[in-house]
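Report on the structure given below.
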Amino acid sequence: MIGLVLNALGNALSVSANFGSGIWTAACVNIANWLHGDVGLILFIVGVGSAILNLLLIRHWDGWRWIGEVVFIASFSYFIDLFVALFKHWGVPDLATPWRILLSILGVTIFAISISIYQRANIVMHPNDDTSNILRFRYLHGRATLSQFVDFVPPIIMLIICVLGTHRLYSVNVATIYSMLFNGVIIAWTDEHILPSLHHNFRIKHHSAA
């Protein structure tokens, strides 16, 4: 729950400050602008797609994993709306440019910290972050930074397609570049320094052959 709330808080802060956000959020914003759809709905659809991808990556059906990730993304969307409204009420979108840049970067830092917390708890997490967790421990020998870079490939492709379709680019700014460069670094640092007694317990159920 701490990880969920912190993730929504960080994303909402960076969205409200409007100087870039996480690459996945930016991709969804661009898709929504291209299709004239709702960003929250696009975030949910992309999250469900990531949950399906995770089942392919672990190579078997895990019903609880699927249900947990869908519930997480639905709750995440609700909390983002709540925090965006709160930050708007506090006047964050109207602050001077230097403050908004700093708050966007702070938002990215907060949600990177949250990712470390719920990845280590490994009970339920955002589907995109479960993807990077699976990549990290099943395919990339525990390397947090590399797993983040690999996880960024799909949203970058989405952004390129959207730009080709609309000739516009939305929600990509200073904090987006910061997120792409430092998400993995922040996660690895948080693993060791914030709630250090909470250790990674990554696991995949293995089914015996018939």
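Treat the numbers as computed from the prediction; the structure is a model and nothing was measured.
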- Message: For Arg143 and Ser147: C-alpha separation, side-chain torsions, deciding distance, then whether side chain to side chain donor-acceptor pair (under 3.5 Å) applies.
- Response: CA-CA 6 Å; Arg143 289 177 284 185; Ser147 70; over 6 Å; no
- Query: Please walk me through it: do Arg168 and Asn30 pass side chain to side chain contact (heavy atoms under 4.5 Å, CB included)?
  - Reply: CA-CA 8 Å; Arg168 300 284 300 273; Asn30 279 270; 6.0 Å; no
- Query: Where do Val15 and Ile80 land on the side chain to side chain contact (heavy atoms under 4.5 Å, CB included) test, with the steps shown first?
  - Reply: CA-CA 9 Å; Val15 167; Ile80 278 191; 5.9 Å; no
- Ile194 vs Trp189, side chain to side chain contact (heavy atoms under 4.5 Å, CB included): CA-CA, chis, key distance, verdict: CA-CA 8 Å; Ile194 296 180; Trp189 181 89; 3.8 Å; yes
- Item | Worked verdict on Tyr118 versus Asn7 for side chain to side chain donor-acceptor pair (under 3.5 Å) | CA-CA 10 Å; Tyr118 59 62; Asn7 195 341; 2.6 Å; yes
- Query: Can you check side chain to side chain contact (heavy atoms under 4.5 Å, CB included) on Ser104 and Asn18, steps first, answer last?
  - Reply: CA-CA 7 Å; Ser104 289; Asn18 198 28; 6.0 Å; no
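Distance check: Ile156 CD1 to Asp151 CG gives 10.0 Å after rounding to the nearest 0.5 Å. Put simply, CD1 on Ile177 and CD1 on Ile105 are 11.0 Å apart, with the number rounded to the nearest 0.5 Å. Rounding to the nearest 0.5 Å gives a distance of 14.0 Å between NE2 of His126 and CG of Asn133. To the nearest 0.5 Å, atom CG of residue Leu159 and atom OH of residue Tyr170 are 12.5 Å apart. If you take CD1 on Ile115 and CD1 on Ile110, they are separated by 12.5 Å, rounding to the nearest 0.5 Å. From Ile73, atom CD1 reaches atom CG of Asn128 across 6.5 Å, with rounding to the nearest 0.5 Å.
Side-chain contact between Ser114 and Ile2 is absent, with no heavy-atom pair separated by less than 4.5 Å. Taking 4.5 Å as the limit, some side-chain heavy atom of Ile161 sits within range of a side-chain heavy atom of Trp34. Asn54 places a side-chain heavy atom less than 4.5 Å from the side chain of Glu69. Within the 4.5 Å cutoff, no side-chain heavy atoms of Ile67 are placed close to those of Phe72. Using a 4.5 Å heavy-atom cutoff, the side chains of Val124 and Arg65 are not in contact. The shortest side-chain heavy-atom distance between Tyr178 and Thr109 falls under the 4.5 Å cut-off. Side-chain contact between Gln148 and Val185 is absent, with no heavy atoms from C-beta onward closer than 4.5 Å. Counting only heavy atoms from C-beta outward, the side chains of Ile113 and Ile117 approach each other to under 4.5 Å.
At distances below 3.5 Å, at least one donor-acceptor pair connects side-chain atoms of Ser75 with backbone N or O atoms of Val71. No donor-acceptor pair closer than 3.5 Å links the side chain of Arg100 to the backbone N or O of Thr97. With hydrogens and angles disregarded, no donor-acceptor distance shorter than 3.5 Å links the side chain of Ser171 to the backbone of Ala26. Checked by atom type and distance alone, the side chain of His89 never pairs as donor or acceptor with a backbone atom of Ala85 at under 3.5 Å. Between the Ser14 side chain and the Asn11 main chain, a donor and an acceptor come within less than 3.5 Å of each other. Side-chain atoms of Arg120 come within 3.5 Å of backbone atoms of Ser116 as a donor-acceptor pair (strictly under, hydrogens ignored). Using modelled atom types, no side-chain atom of Asp130 and backbone atom of Met125 make a donor-acceptor pair closer than 3.5 Å.
Clustering ILVMFWY residues whenever any of their side-chain heavy atoms sit less than 4.5 angstrom apart, transitively, puts Phe111 in the very cluster that holds Leu4. Taken together through direct or relayed side-chain contacts under 4.5 Å among Ile, Leu, Val, Met, Phe, Trp and Tyr, Trp24 and Val174 form parts of separate hydrophobic clusters. Taken together through direct or relayed side-chain contacts under 4.5 Å among Ile, Leu, Val, Met, Phe, Trp and Tyr, Leu6 and Leu86 form part of one hydrophobic cluster. Taken together through direct or relayed side-chain contacts under 4.5 Å among Ile, Leu, Val, Met, Phe, Trp and Tyr, Val48 and Ile45 form parts of separate hydrophobic clusters. A continuous path of Ile, Leu, Val, Met, Phe, Trp and Tyr side chains, each step under 4.5 Å between heavy atoms, connects Phe83 with Met1, placing both in one hydrophobic cluster.
Between Tyr139 and Leu57, the closest heavy-atom pair is OH-O, 2.6 Å. Pairing each heavy atom of Asp62 with each of Leu55, the nearest pair is N-CD2, 3.7 Å. Contact between Ile187 and Ala112 at its shortest, heavy atoms only, is CG1-O, 3.4 Å. Of all heavy-atom pairs between Thr25 and Leu43, the closest is CA-CD2, 4.3 Å. The two residues Thr131 and Ser50 have their closest heavy-atom pair at OG1-O, 4.1 Å. Between Ile23 and Ser179, the closest heavy-atom pair is N-OG, 4.4 Å.
For the pair Asp191 and Arg136, the salt-bridge criterion is met [side-chain N within less than 4.0 Å of a carboxylate O].
Between Phe76 and Phe44, a ring centre-to-centre spacing not shorter than 6.0 Å is recorded.
Taking the six-membered ring for Trp and thresholds of 30 and 60 degrees, Phe152 and Phe149 have ring planes more than 60 degrees apart, a perpendicular arrangement.
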